[in-house]
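Report on the following structure.
Just so you know, ligand 1 is whichever comes first in the structure, and atom 1 is the first atom listed for that ligand.
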Amino acid sequence: MTVEEMSDATWAPFSNTEFNRTIISRGLNLTDVICFPISSGWYGNKEETSSKSSKYPIRVGQYSYPVQTIPIDYRFASFPTLDKTRILNPISMEQPRGPSFVIEDNHLVKWANWEFHLKPDPRAGLIISRVRFHDPDTQETREYGFGLQAMPLEPLNDCPRNAVYMDGIFAAADGTPYPIREVRPKLTLVVRMVASVGNYDYIIDYEFETDGLMRPKVGLSGILMVKGTAYENKNQVKKDKEGNEEELYGTILSENVIGVIHDHYVTFYLDLDVDGPDNSFVKVNLKRQETKPGESPRKSYMKAVRNIAKTEKEGQIRLSLYDPSEFHVINSGKTTRVGNPTGYKIVPRATAASLLDHDDPPQKRGAFTNNQIWVTPYNMDRYIENKDIVVWYTLGFHHIPCQEDFPIMPTVSSSFDLKPTNFFERNPILQACLYFERDLPVCGTESVSA
Ligand SMILES: [Cu+2]
């Protein structure tokens, strides 16, 4: 569906006098109503040729108000006077010598040890390619990589100027208290794009860190898709003989408004080339190793069992808390000084898997959510060891709306990490420069009248 078709569909209902009469009979002005022709999905071949696009009449500028509802004014000015002692002062961060990144040829971004090619794409959004990391130890520029390091908490380096530093007091082995200060200095470059997909805003961030970690992140915000209801309060919901409430498939968010339970899935196409195109996908399973009777006072240990996925089928991953695993992309032809294959791992964070039946039409269409990780284009069960593989990672969100999501949602985000794993000989951040007081000008404060 094109933008032009959506626009035409928005206006079409108003050419129907019967439709207009129903709007006026609700006490609304026709100019206050918009028909939003959002695609309602695919429900199987039977319905493929029918033209039943769903049309939710809603008020101008809003996605949140089905015709049954009373609008809420969420603009700042509509709130009663705020307690001035609770207002946070504005914060500003300066970079007196200007940004640290440079952009060459309009597309090549260089920042810290990173360099990558950036291209906005109408279909995929932001495409980040040719991602390389300059290894400070070897002076080589390698595709992908990373680390972490601890040092004393340094003012201006770890926290902004007005931060208060508190010494932590820890107990030494003999019980003597000793202060500890510790820091993990990291700078992050954020490449951001925001897509407003109808009512929802998707904030896609690619975070590059100085230790070589790369973190794709998805933030969801905007306005919920809601449906109208005759109910104004939960206590009106019909109950059956056993006292069970009618299933609403959502939450009552306001008078006559139900926020419907739904999911969001975003798939990332990760064409990794760890020290060259031929890579392998390794499932590293943590397993319990039981000890033999009498062998040790311990009953069990943990061990890491590494299995290289040979075929696409073996590269399909469904995450499980009770089958803890790491997912490494390695170059078995290249090892570190101590013999580990170079690689980096895909570290999932909070995500979601679809609960729908595999034969449910929306799930058939969104079958990419059946697994959280796929390796290489599917089709047949092809061989993937030591090949130029592609990893598809799906980040999911279940969304049971709550009242705080209405009328505008606070941003919810999740991410996953691409983290170097035996890629460097040691932490590459060790050579990062520190900041000193003279590097940053001291800006005075002035009182701002509210
Ligand atoms: Cu949602």
Side-chain angles (χ1 to χ4, degrees), residues 1 6 34-43 53-59 61-69 71-72 74 123-126 192-206 215-229 231 234 237 247-268 319 348-358 360-372 392-416:
M1 189 153 47
M6 287 188 76
I34 187 165
C35 297
F36 185 52
I38 191 165
S39 161
S40 54
W42 176 77
Y43 295 95
S53 72
S54 68
K55 294 182 179 72
Y56 302 104
I58 53 175
R59 277 170 223 170
Q62 304 295 337
Y63 290 95
S64 330
Y65 308 116
V67 286
Q68 296 92 333
T69 65
I72 296 171
Y74 53 82
R123 196 169 73 89
L126 273 183
R192 165 169 289 188
M193 76 158 282
V194 177
S196 282
V197 184
N199 51 314
Y200 248 88
D201 295 336
Y202 287 85
I203 304 154
I204 310 287
D205 285 347
Y206 294 91
R215 176 178 298 134
K217 195 186 244 180
V218 176
L220 307 177
S221 190
I223 300 174
L224 279 178
M225 183 56 68
V226 296
K227 66 176 178 183
T229 174
Y231 300 133
K234 205 170 178 307
V237 178
E247 185 52 63
L248 298 179
Y249 303 102
T251 309
I252 299 179
L253 302 178
S254 182
E255 289 76 5
N256 312 107
V257 180
I258 290 176
V260 187
I261 298 170
H262 59 279
D263 290 345
H264 302 262
Y265 295 98
V266 180
T267 281
F268 290 86
L319 300 173
R349 289 162 177 258
T351 186
S354 176
L355 294 177
L356 299 181
D357 192 292
H358 279 197
D360 198 7
Q363 189 60 30
K364 272 184 161 171
R365 195 167 67 156
F368 67 93
T369 64
N370 292 352
N371 296 306
Q372 287 75 60
W392 303 78
Y393 182 83
T394 296
L395 183 59
F397 300 78
H398 290 307
H399 193 167
I400 304 176
C402 60
Q403 283 189 250
E404 288 80 357
D405 291 339
F406 188 80
I408 290 190
M409 271 179 67
T411 301
V412 175
S413 33
S414 192
S415 60
F416 64 98

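Residue Tyr200: an N/O/S atom is found under 2.8 Å from the Cu ion (ligand 1).
Taking OG of Ser413 as the start and CZ of Phe397 as the end, the distance is 7.0 Å to the nearest 0.5 Å. Put simply, OG on Ser221 and CD1 on Ile203 are 5.5 Å apart, with the number rounded to the nearest 0.5 Å.
Across every non-hydrogen atom of Pro401 and Leu224, the tightest pair is CB-CD1, 3.7 Å.
Looking only at N/O/S atoms, His399 comes nearest to the Cu ion (ligand 1) through ND1.
With the Cu ion (ligand 1) as the vertex, NE2 (His262) and NE2 (His264) define an angle of 100°, rounded to 10°.
Of the candidates Phe416, Phe268, Phe368, Tyr393 forms a ring-ring contact (aromatic ring centres under 6.0 Å, His included) with just one, namely Phe416.
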